[in-house]
Amino acid sequence: MVWNKEQLRKVIHEKIGDAIFVVVSNREPYIHVMKEGKIEFQRPASGLVTALDPMLKACQGTWIAHGSGSADRRVVDEKSCIMVPPDNPLYKLRRLWLSKVEEDGYYYGFANDTLWPMCHIVYTRPTFIQRDWEIYKQVNQKFANAVLSEIEGQKAFVWVQDYHLALLPQMIKEKRPDALVAQFWHIPWPNPEVFRICPWKDEILWGMLGNDLMGFHIRYHCDNFLNSVDQSLEVRVDRERSSVFHHGGSETLVRPFPISIDFEGMQEEMKRGFTVDDDLTEVLDSIPKEMILAAGLDRMDYTKGIPERIRCIGRFLEKYPEWQGKFVFLQMGALSRIHLPAYKAINEQINNAAEEVNWKFGTDDWTPIMVVRHHISHPDILALYQRADICVVSSLHDGMNLVAKEYVASRTNEDGVLVLSRFTGAARELESAILVNPYDIESFADYINTAVVMSPEEKIRRMKKLREIVSENNIYKWAAKVVEALARLA
Ligand code: F6P
């Protein structure tokens with residue numbers, strides 16, 4: 001059975017009944033910005049938003065998140081709320097405001113300079129700064145206060161998202177033990193040897209054990225989490241049930257839920273047609289139609305393996321010179337977390353890698369590597385996917401990676417080749433992609449060649465399988481499975 005909006009609505013209605021449904025995350029689904037003196041809204045580049053926005057649209061509820069846009073305050077009511085999507089309001093977004101000091105310690109500091117590198121293990125060393133930790137705790141409390149005021153006097157189902165809010169579940173449960181609380185961790189969970197170096201590891205784990213249900217993308221991350229709990233805390237880990245018993249009988253179920261996308265919604269969007277920005281049209285028009293186009297679309301993040309990917313394309317052009325002048329690699333994506341040194345460095349590395357390949361192989365009328373950094377709208381993303389003969393997703397480590405699933409969903413002609421890192425959660429489901437080890441430049445370059453020379457029949461055979469999997473395991477199924485698992489605990 002293929003899940004859709006209606007079925008999800010039904011499940012939520014049946015299982016949650018009259019309880020208020022609240023989603024909490026750091027990143028908001030719509031950001032208002034000032035552009036040329038006018039207020040505009042954007043959808044941020046985030047897997048979390050890609051996945052949860054269609055779900056909230058389908059079943060309403062309230063989303064609480066940090067208001068980070070330059071024009072966010074101008075459009076909300078006196079309770080900091082606004083109905084979204086702004087062009088077709090369906091659910092409530094409640095914005096929470098952070099000072100620069102809070103954003104610095106909590107978001108840039110503890111979330112993205114401690115937890116992010118620690119969970120991804122891509123050889124970028126996490127920092128452990130007491131002040132960041134203190135601010136992380138304060139900001140988690142601020143989110144908890146917002147949730148508690150939102151659910152006051154009502155039955156509630158609270159769904160916490162991600163590593164920015166590890167302490168929130170316990171803070172909510174302390175005040176509202178009757179509320180059902182779940183959390184989904186959108187990034188990997190490391191093995192206990194990595195996690196044990198964190199000076200505040202026990203507090204983090206206790207925070208997460210405030211959940212009735214703790215979700216990760218894959219079983220491996222669930223097992224890593226259970227092992228970390230087992231090694232650090234005086235609790236009972238029940239492997240059979242995949243759960244943790246603590247605090248006089250309370251239980252936290254730990255389950256894998258591989259996140260996905262709105263496959264059907266994308267098909268409809270493509271049928272309706274969409275308007276592409278002039279900037280993107282210019283970029284795509286500059287690439288001759290007969291040129292093979294491979295594309296990458298990522299937030300500019302060191303976990304995504306972008307310099308490695310560009311160096312691999314260089315090696316491919318060297319090993320298979322017959323493709324020189326006939327192949328272009330276009331890397332697109334928004335800048336991210338640029339205040340952190342590791343993110344400044346990765347942009348430098350991307351520029352250097354592209355410059356190196358272009359210098360070595362480029363000619364007066366052919367630039368093999370193009371890098372375009374800016375925010376890309378959803379219609380532009382679809383246009384890019386449709387033009388890309390090959391999509392390269394070569395993360396060094398990734399919880400899931402929804403670019404891979406969106407590329408598959410966009411290939412309505414059932415052609416196109418997905419080259420996918422083995423170290424993404426998506427690789428567990430998308431076995432018909434060309435799976436690569438992004439650290440192994442020689443085999444990675446050979447696999448790019450495999451993608452380039454693949455026969456049309458083979459492309460269709462693989463793409464059909466990929467599309468079946470993504471279509472069946474869509475975002476509505478993901479959300480329904482979480483709601484059903486949680487409701488069983490009520
Ligand atoms: O795919 C989910 C994710 O990795 C989140 O964990 C994160 O919030 C997001 O993508 C993008 O990062 P940010 O919110 O820092 O822009």
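Hydrogens, waters and symmetry mates are skipped; everything else that's a heavy atom, side chains included, is used. When a ligand or atom number is given, it counts from 1 through the structure's own listing order. The first residue of the sequence shown is numbered 1, and numbering continues consecutively from there.
The option from Q161, H120, R337, H217 that lies nearest to atom 12 (O) of ligand 1, judged by heavy atoms, is R337. The closest heavy-atom contact to atom 5 (C) of ligand 1, among the options L48, D162, L52, comes from D162.
In this structure, T50 has no side chain to side chain donor-acceptor pair (under 3.5 Å) partners at least two apart in sequence or on a different chain.
Residue-ligand proximity, G47 to ligand 1, at heavy-atom distances under 4.0 Å covers atoms 1 (O), 2 (C), 10 (O). Those atoms of ligand 1 that come under 4.0 Å of a heavy atom in I187, given as number and element, are 6 (O). Against a heavy-atom cut-off of under 4.0 Å, Y163 is close to the following atoms of ligand 1: 6 (O). Residue contact check: Y107 has heavy atoms under 4.0 Å from atoms 13 (P), 15 (O), 16 (O) of ligand 1.
Taking atom 11 (C) of ligand 1 as the reference point, the nearest protein heavy-atom neighbour is R299 NE, 3.3 Å. In this structure, the protein non-hydrogen atom closest to atom 9 (C) of ligand 1 is S46 OG, 3.6 Å. When only non-hydrogen protein atoms are considered, atom 14 (O) of ligand 1 lies nearest to R27 NE, 3.0 Å.
Screening F257, F216, W478 for a ring-ring contact (aromatic ring centres under 6.0 Å, His included) involving F184 leaves a single residue, W478.
Atoms CE and CZ, on M463 and R411 in that order, are 6.0 Å from each other to the nearest 0.5 Å. The CD atom of E484 sits 10.5 Å away from the CD1 atom of I12 when rounded to the nearest 0.5 Å.
Y136 places a side-chain N or O within donor-acceptor distance of the main-chain N or O of A166, the cut-off being under 3.5 Å. At distances below 3.5 Å, at least one donor-acceptor pair connects side-chain atoms of R9 with backbone N or O atoms of A58.
A tilted orientation is assigned to the rings of W189 and F195, their planes being inclined by 30° to 60°. Under the 30°/60° scheme for interplanar angles, the aromatic rings of Y106 and F143 are found to be tilted.
Taking a 4.0 Å cut-off on heavy atoms, W116 registers as neighbouring ligand 1. The closest approach between any non-hydrogen atom of H164 and ligand 1 is below 4.0 Å.
Below 3.5 Å of separation, one finds no N or O of N26 facing any N or O of ligand 1.
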